[in-house]
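Below: the structure, in structure tokens.
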Amino acid sequence: MSAPEPPPAAPTRREKLERLLADDPGDAFLRYSLALELAKTDEDAALREFDRVIEEHPDYVPAYFMKGQTLARGDRDEEARETLTAGIEVATRTGDDHAAGEMSGFLETLG
């Protein structure tokens, strides 16, 4: 008699997000969440996802902030400044003063 098969491994957060996106590829929050998950292990893939969010949903303010932070972590300060500046403009235009202030504060730390 053989040992029973172990249960399949639970899907990772990334796998769950990818499955959800397969059903709804235009969901900005899911795409943003995937970018955040990727930022933990694959900066380039995360940046591609943040870019996709920004391209498809240009008013999705959090994507600018997190893309800027990801760029800064990778010592890509000039690109981070450009991204944050664009994000501040979008946040101001859409009335998200809190996000504009947070991005402005972070931008100041980049010099």
Side-chain angles (χ1 to χ4, degrees):
M1 184 168 167
S2 62
E5 295 259 341
T12 65
R13 179 170 165 75
R14 177 182 173 175
E15 290 169 337
K16 289 177 187 177
L17 289 166
E18 288 172 338
R19 288 178 189 165
L20 291 169
L21 275 167
D23 291 335
D24 190 2
D27 187 302
F29 179 73
L30 289 175
R31 179 112 8 235
Y32 171 75
S33 298
L34 177 59
L36 292 176
E37 193 64 26
L38 289 168
K40 298 174 186 177
T41 58
D42 188 343
E43 182 179 291
D44 290 333
L47 292 170
R48 285 191 298 273
E49 291 301 325
F50 286 128
D51 284 340
R52 186 164 174 187
V53 173
I54 291 168
E55 180 182 314
E56 294 176 4
H57 307 276
D59 290 345
Y60 199 83
V61 174
Y64 294 89
F65 193 17
M66 294 310 296
K67 179 184 176 187
Q69 289 182 334
T70 302
L71 288 164
R73 277 194 307 276
D75 294 322
R76 296 166 65 175
D77 290 355
E78 186 56 38
E79 292 170 89
R81 283 185 202 89
E82 292 171 8
T83 298
L84 292 165
T85 299
I88 292 165
E89 291 172 9
V90 172
T92 300
R93 180 176 48 77
T94 60
D96 191 342
D97 296 332
H98 179 76
E102 285 187 336
M103 284 188 279
S104 293
F106 187 70
L107 183 58
E108 288 176 19
T109 69
L110 298 176

| Would you say Asp44 and Asp42 make side-chain contact, with heavy atoms under 4.5 Å? | yes
Residues 33-56 vs ring-ring contact (aromatic ring centres under 6.0 Å, His included), sequence neighbours excluded, gives none
With sequence neighbours left out, the residues meeting side-chain contact (heavy atoms from CB on, under 4.5 Å) with Ala72 are Asp77, Ala80, Phe106, Leu110
In this structure, CG of Leu34 is separated from CZ of Phe29 (nearest 0.5 Å) by 11.5 Å
Sorted by chain and residue number, the salt bridge (charged side-chain N to carboxylate O under 4.0 Å, His left out) partners of Glu82 (sequence neighbours excluded) come out as none
Here the side chain to side chain donor-acceptor pair (under 3.5 Å) pairs for residues 61-70, sequence neighbours left out, are Asp51-Lys67, Thr70-Arg73
Value for CG (Leu84) from CD1 (Ile88), rounded to nearest 0.5 Å, stands at 6.0 Å
The salt bridge (charged side-chain N to carboxylate O under 4.0 Å, His left out) partners of Glu108 (sequence neighbours excluded) come to none
Those residues at least two apart in sequence (or on a different chain) that pass salt bridge (charged side-chain N to carboxylate O under 4.0 Å, His left out) with Asp75 are none
For Ala28, the side-chain contact (heavy atoms from CB on, under 4.5 Å) test, sequence neighbours excluded, returns His57, Tyr60
dist Ser33:OG -> Leu17:CG (nearest 0.5 Å) comes out at 5.5 Å
Those residues at least two apart in sequence (or on a different chain) that pass side-chain contact (heavy atoms from CB on, under 4.5 Å) with Glu55 are none
- Hey, quick one: are Ile54 and Val61 part of the same hydrophobic cluster, counting side-chain heavy atoms closer than 4.5 Å, chains of contacts allowed? yes
The complete set of salt bridge (Lys or Arg N to Asp or Glu O under 4.0 Å) pairs with one or both residues in residues 23-38, sequence neighbours excluded, reads Arg13-Glu37, Arg31-Glu49, Glu37-Lys40
Those residues at least two apart in sequence (or on a different chain) that pass side-chain contact (heavy atoms from CB on, under 4.5 Å) with Thr12 are Arg14, Glu15
Applied to residues 83-93, the side chain to side chain donor-acceptor pair (under 3.5 Å) test, sequence neighbours excluded, yields Asp59-Arg93
- Mind running side chain to side chain contact (heavy atoms under 4.5 Å, CB included) on Glu43 and Arg76 for me, showing each step along the way? CA-CA 12 Å; Glu43 182 179 291; Arg76 296 166 65 175; 4.0 Å; yes
For Arg48, the side-chain hydrogen bond (donor to acceptor under 3.5 Å, both in side chains) test, sequence neighbours excluded, returns none
All heavy atoms of Ala46 vs all of Ala35, minimum pair found to be CB-O, 3.4 Å
With a 4.5 Å cut-off on side-chain heavy-atom distances among I, L, V, M, F, W and Y, is there a chain of contacts connecting Leu36 to Val53?
yes
On a heavy-atom basis, the closest approach of Pro58 and Val90 is O-CG1, 3.6 Å
